[in-house]
Every structure is written in C-alpha cells, then in structure tokens.
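Here it is, the structure, as structure tokens.
Quick caveat, the model's predicted, so the values are computed rather than measured. Lettering of chains follows the sequences in order, A, B, ..., and the numbering in each one begins at 1.
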Amino acid sequence: MSVSHSEIFDGLNEAQQKAVTTTEGPLLVVAGPGTGKTLTIVRRIAWLVQKGGPPENILAVTFTNRAAREMKERTARLLGDAASGIFIGTFHLLGLRMIREQVSRAFILLNRDEQAEVLKSLMKGTSKAVQQTLERISRIKNFLEEMTNPPQPSFAKGGNVKTAGELKAVYENYQAALEQRGCLDFDDLIRLPVELLQDEAVGRNYRERFRYIIVDEYQDINPAQYRLLRLLTGTSGNLCAVGDSDQAIYSFRGADLGNFLNFEKDFPGAARVTLSQNYRSTGVILQAADGVIRKNQKRIVKQLAATREEGKPVLLISVPDERTEGAVILEEIGTRMGGMDHEGARVNSERTDGPCRFSDFAVIFRTNAQARALEEAFAASGIPFQMVGKPSSVQRKDAEETVAFLRSLLNPGGTGDQPRKTQSNAEALLLTEADFFDPRADAVALMTMHMAKGLEFRFVFIAGCEDGLVPCTIMKDGVDLEEERRLFYVGLTRAKEELFLLQARNRFLYGQSLGQKQSPFLKEIPKELKESRTVADKPKKEKPEDRQLGLF
DNA sequence: ACCATATACATTTTT
DNA sequence: TGTATATGGT
C-alpha cells in the first residue's frame with residue numbers, strides 16, 4: 001500500500017505508538033487534552049491499512065461532524081485513495097447508512113421543529129407540553145428511560161405530566177405517524193440500527209464487515225450508542241475506545257461516563273494505553289488544570305506531562321461587573337495584537353511566539369446568557385468576533401435555504417430510486433449549527449464551555465468565574481459538581497499560552513444580581529500558579545480601554 | 001383575526 | 001432582564 005512504516009510512526013511517542021499497534025482485542029486509550037489523540041487515531045487507521053486488511057473493515061466513529069471531518073481529512077492526506085473505503089463519520093451517519101442498506105433509501109429526517117409539529121397533532125396541550133413529551137420520547141429512544149416508568153419528577157413542573165400509559169399511547173401514535181409519512185427523527189438513526197442488529201444475519205454481516213472499530217470520545221456515549229457498539233463488536237471484538245473521563249460533559253443529556261470507567265471490566269482482557277504527553281499547553285496551565293480536576297472522584301487518573309515551557313502564571317482578574325469584564329478582555333486582546341496600520345496588517349509583533357491573530361483568542365463562558373454583554377462589548381469595539389454554535393444571520397439563512405432545497409428533492413413516498421446526488425446531499429441534513437464555525441476566520445471566538453471542547457487557542461479568557469455560575473448552581477440544586485468541574489477543566493485546557501479567569505463582583509443575570517463570591521474552583525488552582533488583579537469599582541474618568549479600542 | 005398587556009421563566013445540548 | 005406564551009380586549 002501507499003503508506004510507509006516511517007510515515008506511520010514519525011513523531012509518535014511511545015504511548016502513541018502502542019495505541020497505534022495494539023490492534024487485536026479491546027483497547028482503552030486514555031487521552032488527555034492536547035495529547036495528540038486525533039493524530040494517534042489517524043495513524044492507527046493507517047497502520048491497520050498498511051497491515052493489509054481491507055479498508056472497509058475499519059470503522060471510526062465520532063460524535064461531531066467537526067471531529068469526523070478532521071479525522072477524514074487527515075486520514076485522506078496520509079493514505080490517499082485507500083482512505084475512501086474506510087467509514088469515518090458520526091454515530092448518526094453510521095446509523096443513516098445502515099438504515100439505507102437494510103431498510104430504505106428514501107426517508108425524511110425530521111428536525112426538532114418538525115418533530116414537534118407531528119406530535120402537536122397527536123396530543124393536546126401547550127407547546128411546552130409538546131416539547132416535554134418530545135423530550136421523554138427521545139429519552140425512551142435512547143434507552144435512558146423505560147416506557148413503563150412513572151414520570152420523572154423533573155418533568156412534573158410543567159403540570160402536564162403523562163402517566164406511563166398515556167405516554168406509551170402518545171409514543172406509539174407518534175411512531176405510527178412518522179412511519180406513515182416516511183419519516184425518521186434523529187434518535188431513530190441510532191435506535192433503528194440497534195433493532196436491526198438484533199437480527200442474527202444482519203448482526204453477523206456488520207460484525208464481519210467492521211472488524212476494527214475505533215470510537216472517539218467514548219466517555220460521552222449514551223446507552224443507545226453503547227448498545228449499537230456492543231452489537232457491532234461482539235464480546236471479544238476489536239474495539240478501540242478513546243476518551244478522557246475528565247472531559248465528560250454531556251451526562252445531562254444521557255451520556256454515561258460509566259461506560260468509560262468500566263471499560264476494562266466490560267471488555268475483559270482489554271489493554272490500556274494512556275496518552276499523557278501534552279503538546280498544547282504551558283506547564284503552568286497544565287498544573288492549574290490538574291489542581292482542579294484532581295478533586296474529582298469519578299475518573300481514570302492520569303498526570304499530564306508538559307512538553308512546552310512553564311509559561312506565565314494564570315491571571316485572575318476581579319472586575320466590578322460584566323461590562324468591565326468585556327472591556328478588560330478587549331484591552332488584553334488589544335495589548336497582544338498591537339496596533340494595526342491602515343491596511344489592517346498588524347504591526348509591532350516582536351513576540352517570540354509569533355504574531356497574534358484574532359483567532360488566537362477565545363472567550364469562554366458557562367451560560368449563553370453571558371454572551372450578550374460580551375457580544376455588545378465586542379461589537380462596540382470593532383474587533384472581529386464570532387459566536388461559536390450560533391451562526392450569523394447570513395449563515396443561518398444559508399443553512400435554512402440549503403436544508404429547504406434538500407428537502408424539496410426528497411419525495412416521501414419515493415421508490416428508493418433516488419438520484420445519487422440526492423442521496424449524498426441528504427447527509428448534509430446531519431449538519432448542525434456548530435458546523436458553521438469557521439476556524440480559519442480571523443476573529444475572536446466566543447462560546448460556551450461545551451462548545452469549546454476539542455478546540456485550542458493561544459489565549460483563553462474564561463468569563464464569569466463566580467460562585468453560582470461556575471459551578472452553575474443558580475438554576476437548580478443537585479447539580480453534578482464533578483461534571484461542572486470537568487466543564488471548567490475543559491475550559492482551562494483549551495489554552496496554549498495564557499489563561500485569564502475573570503470574576504465579576506456584581507453581575508446582572510436573569511434580572512437579579514449575582515457574583516459576590518468567586519468560583520470555588522479558583523481556590524483549587526495552586527496559588528503559586530496564579531496572579532491576581534483587581535479592577536476597582538469606580539473606573540477613573542477616562543476608561544483605560546478607550547484609548548486601546550480606538551485603534552480598531 | 002388582531003394587538004396589547006400580563007405573567008411565568010430561566011443551564012449546558014455533539015446529531 | 002428578556003423572551004415566549006397566555007389572556008383579554010376589540
């Protein structure tokens with residue numbers, strides 16, 4: 001084949017090499033942030049191909065289109081044509097393909113609004129009640145809830161709770177309606193393949209085809225995805241589970257960290273490789289992050305080792321309110337960008353780390369409600385920024401038009417004889433708003449901690465490091481503190497060079513003021529790693545940021 | 001059918 | 001605080 005031994009192992013450390021070459025039997029790859037996880041997976045795929053097996057035997061699944069795209073591109077770059085036979089894609093794309101192969105090529109995939117429309121016609125109640133019922137149907141389809149279970153207390157507040165019997169009836173009506181219209185919802189893309197694989201012949205077919213399975217972000221799989229994998233793998237199959245217990249941040253949606261923690265019990269004889277060499281962050285950032293995450297109990301412990309310099313201390317900045325928070329962030333960005341000449345080219349960049357681009361900066365926060373103040377500050381400054389996960393109005397329109405067009409091509413009662421173009425385009429329906437984030441756009445990225453996973457930036461600002469927000473306890477009690485800590489950890493470990501943690505002493509959110517106390521997680525960062533700065537309550541008559549902002 | 005006003009309410013969300 | 005839904009008047 002086209003790829004050489006040295007190309008596969010070039011630049012890999014020992015652990016990465018082991019993760020690449022341990023191909024037979026179950027394998028758990030514990031991959032901390034910035035440890036070359038994707039590189040390792042890509043090289044593993046190359047190794048499997050180089051060993052001579054058909055590329056069709058390889059299945060690599062991820063959660064996001066973003067991750068799948070990256071993996072696909074890098075694999076193609078390394079392997080060329082040989083890469084085309086490998087399945088690299090999201091769980092949902094895999095399910096989609098299986099349904100096409102086994103059931104039908106012509107069906108319509110319903111988005112959330114369309115689901116609601118279908119359900120609305122089948123039940124009485126407010127649209128809120130419809131949403132809640134939809135949520136329960138989704139939980140059932142993902143095996144998070146039994147159909148016969150009594151209603152969860154968390155659903156009781158809407159006042160439109162269904163008994164188990166009522167729910168069952170609505171569920172069945174809903175499914176019948178989908179079937180009648182030739183529709184599937186997103187959950188069906190996993191649920192239905194799980195059902196199909198129960199069939200002995202179908203199961204055997206796919207197990208023989210997918211001899212080598214790689215699953216990225218294994219810590220975030222939910223029960224439905226777990227079942228799918230189990231059915232594809234069999235008991236002694238070659239399942240390579242890659243993930244990090246410390247970055248499990250989707251349990252609120254049914255992701256079950258237990259799958260990751262118990263992998264070795266679950267798959268007896270499993271080998272384990274830990275990738276702990278970190279190539280992303282400074283030593284200080286890694287130690288700070290470790291100081292926080294080590295407080296968690298539910299984890300597979302690993303000690304990240306820095307390969308970069310120690311770096312600057314983490315800067316804790318206390319500001320009077322959320323407006324100052326934005327201003328301080330802008331000021332720090334301005335300082336690092338230096339001035340610009342008339343053409344917009346940057347001048348004055350004598351940093352050893354190279355000149356900065358706007359895209360080297362990210363502002364990360366816990367709740368979307370915080371975005372407004374920051375967005376306003378950025379908009380007023382003229383510094384280019386993009387909200388990750390929220391497409392601009394132009395992008396939204398684009399996406400809507402594309403989806404509408406694609407839908408117009410699909411005939412519900414189709415014979416299954418769709419033109420090829422339509423078939424592959426239909427996969428574009430799996431695209432999500434997050435896929436419109438353009439990493440090459442030279443703009444500061446603003447996003448929630450959840451959206452930040454998998455990304456990295458030279459300079460990271462975490463806004464709203466206050467008790468009540470980090471961890472986020474203002475809305476609900478009984479918050480999973482460990483998950484909140486992981487979320488903060490994800491935020492911290494996005495930073496390559498400098499990390500800023502901002503705390504507003506007063507913050508107006510949801511019509512009330514918060515933020516007297518700083519986040520308890522800040523105390524978990526060893527004090528020798530941090531430096532504090534306080535911006536006084538009353539700024540002087542001329543705000544310092546005004547001068548700096550004027551440049552842009 | 002429409003608009004104005006009241007009132008409830010609020011995390012995170014890969015597909 | 002703001003939004004989104006509910007209500008009440010015309």
Problem - A:E135 CD to B:dT12 C1', straight-line distance once rounded to whole Å - result: 13 Å

Practice task
Between B:dT13, B:dT11, B:dT14, spot the one nearest the side chain of A:T367, thanks.
Solution key: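 The answer is B:dT11.
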
Exercise for the section: Report yes if a side-chain nitrogen or oxygen of A:N65 is closer than 4.0 Å to either non-bridging phosphate oxygen (OP1 or OP2) of B:dT14; otherwise report no. Expected result: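 Checking B:dT14 against A:N65, no side-chain N or O comes under 4.0 Å of OP1 or OP2.
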
Exercise for the section: Just compare B:dT14, C:dG2, B:dT12 and give me whichever is closest to any side-chain atom of A:R372. Expected result: C:dG2

Exercise for the section: Using a 90° cut-off around 0 for syn, call B:dT11 syn or anti. Expected result: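 This nucleotide is in syn.
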
Practice task
Indicate whether any N or O donor in one side chain lies under 3.5 Å from an N or O acceptor in the other, for A:Q115 and A:E117.
Solution key: no

Exercise for the section: Remember a base hit wins even if backbone is also touched, and classify A:F91 as base, sugar-phosphate or nothing at under 4.0 Å, heavy atoms. Expected result: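 Counting heavy atoms under 4.0 Å across all strands, no contact is made by A:F91.
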
Exercise for the section: Report the distance from atom CD of A:Q132 to atom C1' of B:dA8, rounded to the nearest whole Å. Expected result: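 After rounding, the gap between these two atoms is 14 Å.
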
Problem - Gap between atoms CD and C1', on A:E483 and B:dT13 respectively (whole Å) - result: 11 Å

Handout entry: A:Y250 versus A:D256, side-chain donor and acceptor atoms under 3.5 Å
Key =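 No, A:Y250 and A:D256 have no side-chain donor paired with an acceptor closer than 3.5 Å.
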
Handout entry: Atom-pair distance (CD on A:E70; C1' on B:dT14), nearest Å
Key =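 In whole Å, B:dT14 C1' lies 15 Å from A:E70 CD.
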
Exercise for the section: Report yes if the distance between the aromatic ring centroids of A:F263 and A:Y218 is under 6.0 Å, otherwise no. Expected result: yes

Practice task
Respond yes when some side-chain nitrogen or oxygen of A:T448 is under 4.0 Å from OP1 or OP2 of B:dT13, and no when none is.
Solution key: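 Result: yes.
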
Exercise for the section: Would you please test A:D246 and A:N296 for side-chain hydrogen bond (donor to acceptor under 3.5 Å, both in side chains) and show each step? Expected result: CA-CA 8 Å; A:D246 299 335; A:N296 271 11; 5.3 Å; no

Problem - Phosphate OP1/OP2 of B:dT11: any A:Y510 side-chain N/O under 4.0 Å - result: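 For A:Y510, the contact criterion (side-chain N or O under 4.0 Å from OP1 or OP2 of B:dT11) is met.
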
Exercise for the section: Look at the side chain of A:R366 against the base of B:dT12 and say whether a donor-acceptor pair falls under 3.5 Å; ignore hydrogens and angles. Expected result: yes

Problem - Whole angstrom value for the distance that separates P of B:dT13 from CD of A:E484 - result: 12 Å

Problem - Protein-nucleotide distance (A:K476, atom NZ; B:dT13, atom C1'), rounded to Å - result: 13 Å

Exercise for the section: Report the nucleotide, chosen from C:dA6, B:dA10, B:dT14, that has the shortest atom-to-atom distance to any side-chain atom of A:F63. Expected result: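 Output: B:dT14.
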
Handout entry: Interatomic distance, A:Q247 CD vs B:dT12 P [rounded to whole Å]
Key = 20 Å

Problem - Contact under 4.0 Å: A:N368 side-chain N or O vs B:dT13 OP1/OP2 - result: yes

Practice task
Mark this stacking check for A:F252 against B:dT12 as yes or no, applying ring centres under 5.5 Å and ring planes under 30°.
Solution key: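 According to the criterion (under 5.5 Å, under 30°), yes, A:F252 stacks.
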
Practice task
Choose from B:dT14, B:dT11, B:dT12 the nucleotide whose nearest atom is closest to any side-chain atom of A:H450.
Solution key: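 Of the candidates, B:dT12 comes closest.
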
Practice task
Scan side-chain atoms only and decide if A:R485 and A:Y489 contain a donor-acceptor pair under the 3.5 Å cut-off.
Solution key: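 Distance-only check fails for A:R485 and A:Y489.
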
Problem - Protein-nucleotide distance (A:L144, atom CG; B:dT13, atom C1'), rounded to Å - result: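 Nearest whole value for this atom pair: 13 Å.
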
